[in-house]
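Everything numeric in this text was worked out from a predicted model, so none of it was measured.
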Amino acid sequence: MDNSLIIALDFASGREVENFLKPFEGRELFVKIGMELFYQEGPSIVYQLKELGHRIFLDLKLHDIPNTVKSAMKGLARLQCDLVNVHASGGKEMMQAALEGLEAGTAAGGERPECIAVTQLTSTSQEQMNQEQLIHVSLQESVLHYATLTKDAGLDGVVCSVWEAGVIRENLGNSFLTVCPGIRRPEDHPQDQKRIATPELARCSGVSAIVVGRSITKSRDPLKSYQQWMEVWKGVNK
Ligand code: C5P
């Protein structure tokens with residue numbers, strides 16, 4: 001996980017993913033399968049990408065009653081992804097149930113997927129949070145609160161923006177994962193993201209991993225774009 005750049009494969013079909021990945025042949029990537037792709041292709045897309053040697057973040061953001069989340073996670077554990085997630089706003093009991101499900105679904109001797117919780121979406125602003133969720137603290141306080149709850153529930157880390165990663169590390173320790181989407185270079189459009197940060201700032205903030213979608217997937221030359229991102233992110237051309 002440490003210092004990974006996770007590519008968000010936000011595509012509508014397996015065929016589009018196949019086309020996108022052609023130039024990357026022979027490289028082992030860390031990829032994210034989100035709702036758009038999983039709802040179309042189902043578990044088979046996980047198997048296909050694993051077969052190619054890629055590490056998988058299955059970003060389905062589970063949020064339901066504890067019993068439902070536990071059963072769903074039991075099934076997802078069988079896909080043997082590296083990383084899965086839930087919404088922290090589902091509560092501590094729900095997050096504990098997610099872990100129980102993952103443990104129950106992991107084969108004896110196998111490794112349980114790491115499980116992280118979304119705090120506040122990176123597309124949410126302070127104003128939206130205050131007005132729409134009626135949460136009257138700062139965004140950073142809300143994210144830290146959710147992160148603390150997540151750690152208390154026994155999960156491995158959180159999804160947050162780069163702007164909150166530092167305070168989370170200070171309070172919850174370096175081994176608690178901070179996975180950060182909303183990453184944009186200065187020339188990129190923020191699109192629907194609100195709490196954006198550059199890859200340089202992400203690196204200085206010591207986040208565990210960054211998630212990059214459209215800046216790579218929609219670029220004219222995705223491989224070149226990925227290499228440029230890796231240069232900035234890690235200081236090496238991989
Ligand atoms: O295209 P972009 O780089 O904005 O993609 C970010 C990816 O990270 C998307 O797949 C989105 O679903 C995901 N994500 C996010 N914010 C979160 C959790 C996940 O943007 N809090």
Side-chain angles (χ1 to χ4, degrees), residues 1-10 14 17 21 27-119 121 146-160 165 168-169 172-181 207-211:
M1 165 67 59
D2 259 356
N3 291 323
S4 295
L5 185 158
I6 303 174
I7 305 177
L9 296 178
D10 292 323
V17 171
L21 288 176
R27 284 166 200 266
E28 287 177 12
L29 307 170
F30 202 146
V31 296
K32 182 173 89 61
I33 299 172
M35 296 179 197
E36 183 184 6
L37 185 57
F38 193 80
Y39 289 164
Q40 292 307 310
E41 297 292 342
S44 70
I45 192 71
V46 175
Y47 297 130
Q48 283 168 37
L49 292 170
K50 275 176 67 76
E51 184 89 15
L52 294 171
H54 304 313
R55 285 196 287 161
I56 315 279
F57 171 17
L58 188 58
D59 176 25
L60 299 181
K61 301 187 182 71
L62 274 63
H63 187 174
D64 208 319
I65 60 170
N67 185 58
T68 300
V69 168
K70 181 177 173 178
S71 312
M73 279 299 190
K74 190 173 172 188
L76 291 183
R78 299 200 186 100
L79 304 182
Q80 299 183 328
C81 295
D82 299 274
L83 185 63
V84 296
N85 63 355
V86 295
H87 268 288
S89 56
K92 190 171 164 184
E93 198 185 325
M94 187 208 76
M95 291 194 272
Q96 286 167 335
L99 269 193
E100 284 168 25
L102 284 175
E103 273 152 18
T106 301
E111 230 173 273
R112 163 178 82 68
E114 290 194 285
C115 186
I116 58 179
V118 176
T119 51
L121 292 168
Y146 277 138
T148 308
L149 195 69
T150 303
K151 191 169 184 200
D152 287 349
L155 270 62
D156 304 296
V158 286
V159 185
C160 61
I168 291 173
R169 276 158 50 92
L172 305 176
N174 289 341
S175 58
F176 191 66
L177 302 174
T178 46
V179 176
C180 299
V207 310
S208 312
I210 55 170
V211 177

Straight-line distance of [X] [atom1] to [Y] [atom2], nearest 0.5 Å:
X: I210; Y: T178; atom1: CD1; atom2: OG1; result: 11.5 Å
X: T148; Y: F176; atom1: OG1; atom2: CZ; result: 7.5 Å
X: L177; Y: K151; atom1: CG; atom2: NZ; result: 11.0 Å
X: L83; Y: I6; atom1: CG; atom2: CD1; result: 6.0 Å

Could you tell me which non-hydrogen atom of [X] sits nearest to which non-hydrogen atom of [Y], and how far apart they are?
X: G157; Y: T150; answer: O-CG2, 3.4 Å
X: A147; Y: T119; answer: N-CG2, 4.1 Å
X: N3; Y: V207; answer: OD1-O, 4.1 Å
X: M94; Y: H87; answer: CE-O, 3.2 Å
X: A8; Y: K32; answer: CB-CE, 3.6 Å
X: L149; Y: A88; answer: CD2-O, 4.1 Å

Side-chain donor-acceptor pairs of residues 104-118 under 3.5 Å, sequence neighbours excluded:
residue, atom, partner, partner atom, Å
T106, OG1, L102, O, 2.6
R112, NH1, D156, OD2, 3.1
R112, NH2, D156, OD1, 3.4
R112, NH2, D156, OD2, 3.4

For this session: Look at atom CD of E93 and say whether more than 12 heavy atoms of other residues, nucleotides or ligands are closer to it than 6.0 Å.
Result: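 No, not enclosed.
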Exercise. Do V159 and P181 touch side chain to side chain, with heavy atoms closer than 4.5 Å?
Worked result: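 When only atoms from C-beta onward are counted, P181 and V159 do touch, with a gap below 4.5 Å.
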Contacts under 3.5 angstrom, residues 60-68 side chains, donor-acceptor by atom type, not counting sequence neighbours:
residue, atom, partner, partner atom, Å
K61, NZ, D59, OD1, 3.1
K61, NZ, D59, OD2, 3.0

Exercise. What's the verdict on side-chain contact (heavy atoms from CB on, under 4.5 Å) for Y146 and V158, showing C-alpha distance, side-chain angles and the deciding distance?
Worked result: CA-CA 9 Å; Y146 277 138; V158 286; over 6 Å; no
For residues 41-54, run the donor-acceptor check on the side chains, cut-off 3.5 Å, and write out each pair with its distance to 0.1 Å, sequence neighbours left out.
residue, atom, partner, partner atom, Å
E41, OE2, G14, N, 2.8
S44, OG, E41, O, 3.1
K50, NZ, Q80, O, 2.8
H54, ND1, L29, N, 3.0

Problem set entry | Any donor-acceptor N/O pair, D82 side chain to I56 backbone, under 3.5 Å |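 Side chain of D82 to backbone of I56: a pair is present.
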Problem set entry | Short side-chain to backbone donor-acceptor contact, S208 and V179, under 3.5 Å |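 No, S208 side chain to V179 backbone: no donor-acceptor pair under 3.5 Å.
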